[in-house]
Amino acid sequence: MAKLQAIRGMNDILPAQTSTWQVLEAAFHRVVNRFGYQEIRFPVLEQTQLFKRSIGEVTDIVEKEMYSFEDKGGERLTLRPEATAGIVRAAISNGMLRGARHKLWCVGPMFRHEKPQKGRFRQFHQIDVEAIGFAGPDIDAELIALSNAFWQRLGLTRVALQINSLGTAEARRAYRAQLTDYFRVHYDTLDEDSRRRLEGNPLRILDSKNPAMQSMIAAAPTLPDYLDPESKDHFAELRAMLDSLGIAYTVNPRLVRGLDYYSRTVFEWVTDALGAQDAVCSGGRYDGLISQLGGEATPAIGFAMGVERVVALI
């Protein structure tokens, strides 16, 4: 009889390891409570259409990584690959919006069919924090300050903050057109994956780690040159707030984030301690997502933190 094994990329967390997880979770609870956020819990299974409409059909997650299946009733379901879409769906379906503001958090397993490697698993855990109903840059600064307080609570110093602004959907469309034209000129330099992304999601080419493409990508048009005036002001105010809080950051014009729903502020905490998987916390604004999923137009921002990667840092 064949020996039973855990599914590849889905790991057991044994008693010798759980003490580190408990330290992390206790530190997070203290910080998030101090900032006034409340816990929300929601199913690990959602309708597949939720993620297609929120994340975007021309993304690696939807195209290649989701665990989707048809249940016995013929409904198409997916194990959640990230938390934001589920939280937004819960807010809409439970009537939580209607002009209200919410500061929410959750922690739990997510699922993506990726190639397992250090810091990247098929079942992984995320801490997720969302602020719904807040439009100003002050809440952007608050979420970054919350994550910074968490690093301080854990005594982690090998993390660095990168920020950028994606502007409005209209500004991004203008930039995307210019970027597409640029990459078409350099089509022969693009690898197979980038050629596939060219028509559907050219901004994702900027994330490529292919060494042969780096000089070409470095010379591509940059998003800040296409920002609308309102987004420029929003970003300038955010930077001023971070400066006043003493939170160091780098503006990275190539930081675009992999999900279609982001707008304006995006940020990422990275580390040099984990090799290729350098991002430990990523987030940004998604002001258009709630109306896109059928709710009232509501501004929002959030971040997700990879628990396994933070545990590795600890």
Should [X] and [Y] be counted in the same cluster of Ile, Leu, Val, Met, Phe, Trp and Tyr side chains packed under 4.5 Å apart?
{"X": "Leu242", "Y": "Ile301", "answer": "yes"}
{"X": "Leu206", "Y": "Val270", "answer": "no"}
{"X": "Ile163", "Y": "Val280", "answer": "yes"}
{"X": "Ile40", "Y": "Leu293", "answer": "yes"}
{"X": "Phe124", "Y": "Val107", "answer": "no"}

Could you tell me the separation between the [atom1] atom of [X] and the [atom2] atom of [Y], rounded to the nearest 0.5 Å?
{"X": "Thr271", "Y": "Leu313", "atom1": "OG1", "atom2": "CG", "answer": "4.5 Å"}
{"X": "Glu237", "Y": "Met241", "atom1": "CD", "atom2": "CE", "answer": "5.5 Å"}
{"X": "Ile290", "Y": "Thr298", "atom1": "CD1", "atom2": "OG1", "answer": "4.5 Å"}
{"X": "Leu223", "Y": "Ser165", "atom1": "CG", "atom2": "OG", "answer": "7.0 Å"}
{"X": "Phe35", "Y": "Arg30", "atom1": "CZ", "atom2": "CZ", "answer": "15.0 Å"}
{"X": "Phe121", "Y": "Glu114", "atom1": "CZ", "atom2": "CD", "answer": "11.0 Å"}

Tell me the closest heavy-atom pair linking [X] and [Y], and the distance in Å.
{"X": "Arg285", "Y": "Gly136", "result": "NH2-O, 3.1 Å"}
{"X": "Val129", "Y": "Leu146", "result": "CG1-CD1, 4.4 Å"}
{"X": "Leu289", "Y": "Ser54", "result": "CD1-CB, 3.5 Å"}
{"X": "Tyr249", "Y": "Val251", "result": "CE1-CG2, 4.0 Å"}
{"X": "Lys209", "Y": "Gln214", "result": "C-NE2, 3.7 Å"}
{"X": "Arg8", "Y": "Pro116", "result": "NH1-CD, 3.6 Å"}

List the steps, then state whether side-chain contact (heavy atoms from CB on, under 4.5 Å) holds for Tyr262 with Asn164.
-> CA-CA 11 Å; Tyr262 283 111; Asn164 193 23; over 6 Å; no
Using links of under 4.5 Å between side-chain heavy atoms of ILVMFWY residues, direct or through other members, which residues join Leu77 in one cluster?
->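 Its cluster mates, by chain and number, are Ile7, Met10, Val44, Leu45, Tyr67, Phe69, Leu79, Phe111.
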Just checking, is any N or O donor in the side chain of Ser231 or Arg264 under 3.5 Å from an acceptor N or O on the other one?
->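 Side chains of Ser231 and Arg264: pair found under 3.5 Å.
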Just checking, is any N or O donor in the side chain of Thr250 or Gln162 under 3.5 Å from an acceptor N or O on the other one?
->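 No donor-acceptor contact under 3.5 Å links the two side chains.
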[X] vs [Y] side-chain heavy atoms within contact, under 4.5 Å:
{"X": "Glu142", "Y": "Phe134", "answer": "no"}
{"X": "Arg172", "Y": "Leu203", "answer": "yes"}
{"X": "Arg309", "Y": "Arg120", "answer": "yes"}
{"X": "Arg89", "Y": "Phe51", "answer": "no"}
{"X": "Met305", "Y": "Phe28", "answer": "no"}
{"X": "Trp151", "Y": "Val310", "answer": "yes"}
{"X": "Met96", "Y": "Arg98", "answer": "no"}
{"X": "Glu25", "Y": "Val307", "answer": "no"}

Side chain of [X], backbone of [Y]: donor and acceptor closer than 3.5 Å?
{"X": "Asn210", "Y": "Ala212", "value": "yes"}
{"X": "Arg80", "Y": "Pro109", "value": "yes"}
{"X": "Ser19", "Y": "Pro15", "value": "no"}
{"X": "Glu82", "Y": "Thr84", "value": "yes"}

Verify the ring-centre separation between Phe303 and Trp269: is it less than 6.0 angstrom?
->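 No.
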Stepwise, does the side-chain contact (heavy atoms from CB on, under 4.5 Å) test hold for Lys103 with Gln38?
-> CA-CA 6 Å; Lys103 294 182 175 184; Gln38 296 179 305; over 6 Å; no
Full working for side-chain contact (heavy atoms from CB on, under 4.5 Å) between Ile127 and Leu24 = CA-CA 10 Å; Ile127 287 170; Leu24 182 154; 3.6 Å; yes
Begin from the C-alpha positions of Leu97 and Ile132 and carry the test side-chain contact (heavy atoms from CB on, under 4.5 Å) through to its verdict.
-> CA-CA 8 Å; Leu97 301 177; Ile132 297 174; 3.9 Å; yes
Could I get the full list of side chain to side chain contact (heavy atoms under 4.5 Å, CB included) partners for Ser68, not counting sequence neighbours?
->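 Ser68 satisfies side chain to side chain contact (heavy atoms under 4.5 Å, CB included) with Thr48, Met66, Arg76, Thr78 only.
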Would you mind listing every ring pair (Phe, Tyr, Trp, His ring centres under 6.0 Å) that reaches into residues 206-241, with sequence neighbours excluded?
->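 Only Tyr175-Tyr226 qualify under ring pair (Phe, Tyr, Trp, His ring centres under 6.0 Å).
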Relative to Phe183, does Arg197 satisfy both conditions: NZ or CZ under 6.0 angstrom from the six-membered ring centre, and within 45 degrees of the ring's axis?
->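 Because its charged atom misses either the 6.0 Å distance or the 45° angle limit, Arg197 does not stack over Phe183.
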Would you kindly check if the NZ (Lys) or CZ (Arg) of Arg195 is within the cone defined by 45 degrees around the ring axis of Tyr187 and under 6.0 Å from the six-membered ring centre?
->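 The answer is yes; both the distance and angle limits are met.
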Can you tell me if CD on Glu230 sees more than 12 non-hydrogen neighbours from other groups inside 6.0 Å?
->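 Open: at most 12 neighbouring heavy atoms sit under 6.0 Å from CD of Glu230.
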When you look at CD of Glu170, are more than 12 heavy atoms from neighbouring residues, nucleotides or ligands closer to it than 6.0 Å?
->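 Counting other residues, nucleotides and ligands, CD of Glu170 exceeds 12 neighbours.
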